[in-house]
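Everything below concerns the one structure shown next.
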There are 2 protein chains.
Amino acid sequence: MYQSRPLNTIEYVIPVKKDPPTRGRPKTLERDHVLQTALMCYWANSPTDVPISEICDKAGASKPGLYREFGSDDGLKEAVLGAYGEMISMRRHEILGSDQPFDKAIDALIDQTVQDRRTLEVPDGCLLFAMRARRDEFGPLTRQKIDQLRTDSLKQYQQWIDRAKSNGQFKTDIPTDVAALYFDAQIGSAMRLQKEGVSNELIGEVLRTAFLALR
Amino acid sequence: MYQSRPLNTIEYVIPVKKDPPTRGRPKTLERDHVLQTALMCYWANSPTDVPISEICDKAGASKPGLYREFGSDDGLKEAVLGAYGEMISMRRHEILGSDQPFDKAIDALIDQTVQDRRTLEVPDGCLLFAMRARRDEFGPLTRQKIDQLRTDSLKQYQQWIDRAKSNGQFKTDIPTDVAALYFDAQIGSAMRLQKEGVSNELIGEVLRTAFLALR
DNA sequence: TACATTTCGTACCTATAGTTACGAAACTAA
DNA sequence: TTAGTTTCGTAACTATAGGTACGAAATGTA
């Protein structure tokens, strides 16, 4: 079995970018701030319709600075999606990774999905689903990231479903891959309805209808 | 109650554009051919990413000719969507408007949705759902058309469901508006999965899962 | 102080997409 | 034939977006 080294030896392999004896003009571009700004712009609008210059303005960065940091439009979008993907993956893991009963997890999933976005201070809808719908309008890096996140989502659902099956909590004989696709599709639908302006209450009813047959 | 005039008197009110004593250079632009060409381009690709010039090339029309006919990019898209909407509305009516039992209609709906597109010689996915996902990237005319078609769809489902309810074929106590939204969402999901490359077989399983609880 | 190094950001370049000005072309009517 | 009418399509215009050349600025080092 693979024996991992202690974490801090990694720094000898991949030099950690802390503060290597700083020379030259100090960097002022705040990578994380740019990422957050871009994320919000993409999320709140159509991700393909936000020009780089707008992100620069809102983040208080210059265009060349942004290109130095992310390489290209494609690179920026990939980075943003990376950050976003990590976030939603964690949020989903809080539910699917917990050991609560399958039924309760479904309820929690619905609750999380229809949570009021004004309270959370984030836009309606889901950036990932919005970008999946526009997959072929992006560059290769972003496309690959989209595909990876899609695969990751499905795996997360699959593991959860398999666990429920082995616990005897998954009653029907629906194959795991179908069920995983089903969950992903339902949440995706909900996110799109939310973006269309449908009330979270109504979306909740739709979701409960969708999961009626699974419990 | 409103008494409508005989149809042919309309021609006195709204002059029918048949062959009014033709003067000037004869028109060569084939409106329907341009519409069909544009429809296929939008359907097969991202509707927001097909330049007018490409449609002109493929349809063998000139750009000014196209603008004379449709007024603008927005006008062309509205016209295309109008034609497309009529088509899918009719196809859906063949199923929902028939008097077959609710169960059978659901089966037919699934069959129609997962029908092989190479056989039908049309692209995967659904143009209307693709455009709904990009709603705010379009001009006002197209936006309005999108909204109208969405409303029409929901109404079509609602009438069908209400009829099933009054026939005693709709077993659950799900409200009509929720159920209509549910059908629309499921078909939308299916269309998106198809566009993502998921097999029609798998999509069929997902749809059958979705409608399990409704019969 | 002078030099090496690194980043900064103004001002540009380039490509593309929507849109149109305008003169030529093709027809009817007188 | 000539005048009037309508459409045609080449060749522009304009705006916008992604991307970058390059000199200035800000630091450490000799």
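Numbered from 1 within each chain, the chains take letters A, B, ... in sequence-line order.
With hydrogens and angles left out, the side-chain atoms of Gln144(A) and Glu78(A) include no donor and acceptor closer than 3.5 Å. Checking Asp49(A) against Ser46(A) by side-chain atom types alone, no donor-acceptor pair falls below 3.5 Å. Asp152(B) and Gln148(B) are linked by a side-chain donor-acceptor pair at a separation below 3.5 angstrom, with hydrogens and angles left out of the test.
For dT20(D), the OP1/OP2 oxygens have no side-chain nitrogen or oxygen of Tyr67(A) closer than 4.0 Å. Contact annotation: Thr22(B) side-chain N/O to dT28(C) OP1/OP2 distance is not under 4.0 Å.
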Dump the pairs, protein N or O against N or O of nucleotides 1-6 of chain D, anything under 3.5 Å, distances to one decimal.
from	atom 1	to	atom 2	distance (Å)
dT6(D)	O2	Arg25(B)	N	2.9

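Within residues 68-80 of chain B, the residues that place at least one heavy atom under 4.0 Å from DNA chain D are, in residue-number order, Arg68(B).
Of all heavy-atom pairs spanning Lys195(A) and Trp43(A), the tightest one is NZ-O, 3.1 Å.
Going from atom CZ of Arg31(A) over to atom C1' of dT7(C) covers 16 Å, rounded to whole Å. The CG atom of Leu29(A) sits 17 Å away from the P atom of dA26(D) (whole-angstrom rounding). For Leu66(A) and dG18(D), the CG to P distance is 11 Å, given to the nearest whole Å. Rounded to whole Å, the distance from OH on Tyr42(B) to P on dA17(C) is 12 Å. Separating the CZ atom of Phe138(B) from the C1' atom of dA17(C) is a distance of 15 Å, rounded to the nearest angstrom. Lys27(A) places its NZ atom 12 Å from the P atom of dG9(C), with the value rounded to the nearest Å. In this structure, Glu30(A) places its CD atom 15 Å from C1' of dT7(C), rounding to the nearest Å.
Under a 4.0 Å N-O distance rule, the pair Lys27(B)/Glu69(B) qualifies as a salt bridge.
In this model, no side-chain donor or acceptor of Lys63(B) finds a partner on the base of dT10(D) within 3.5 Å.
Applying the salt bridge (charged side-chain N to carboxylate O under 4.0 Å, His left out) test to every pair with at least one member in residues 127-136 of chain B, sequence neighbours left out, gives these pairs: Glu137(A)-Arg134(B), Glu196(A)-Arg132(B), Arg132(B)-Asp184(B), Arg135(B)-Asp147(B).
At least one donor-acceptor pair under 3.5 Å links the side chain of Tyr182(A) to the backbone N or O of Ala210(A). Side-chain N or O atoms of Gln112(A) include one that pairs as donor or acceptor with a backbone N or O of Arg91(A) at under 3.5 Å.
Within a 6.0 Å sphere centred on CD of Gln100(B), heavy atoms belonging to other residues, nucleotides or ligands number more than 12.
Across all strands shown, Pro64(A) has heavy atoms under 4.0 Å from base atoms, whether or not it also approaches the sugar-phosphate.
Ranked by how close their nearest DNA chain D nucleotide is to the 5' end, Gly60(B) and Ile52(A) are led by Gly60(B).
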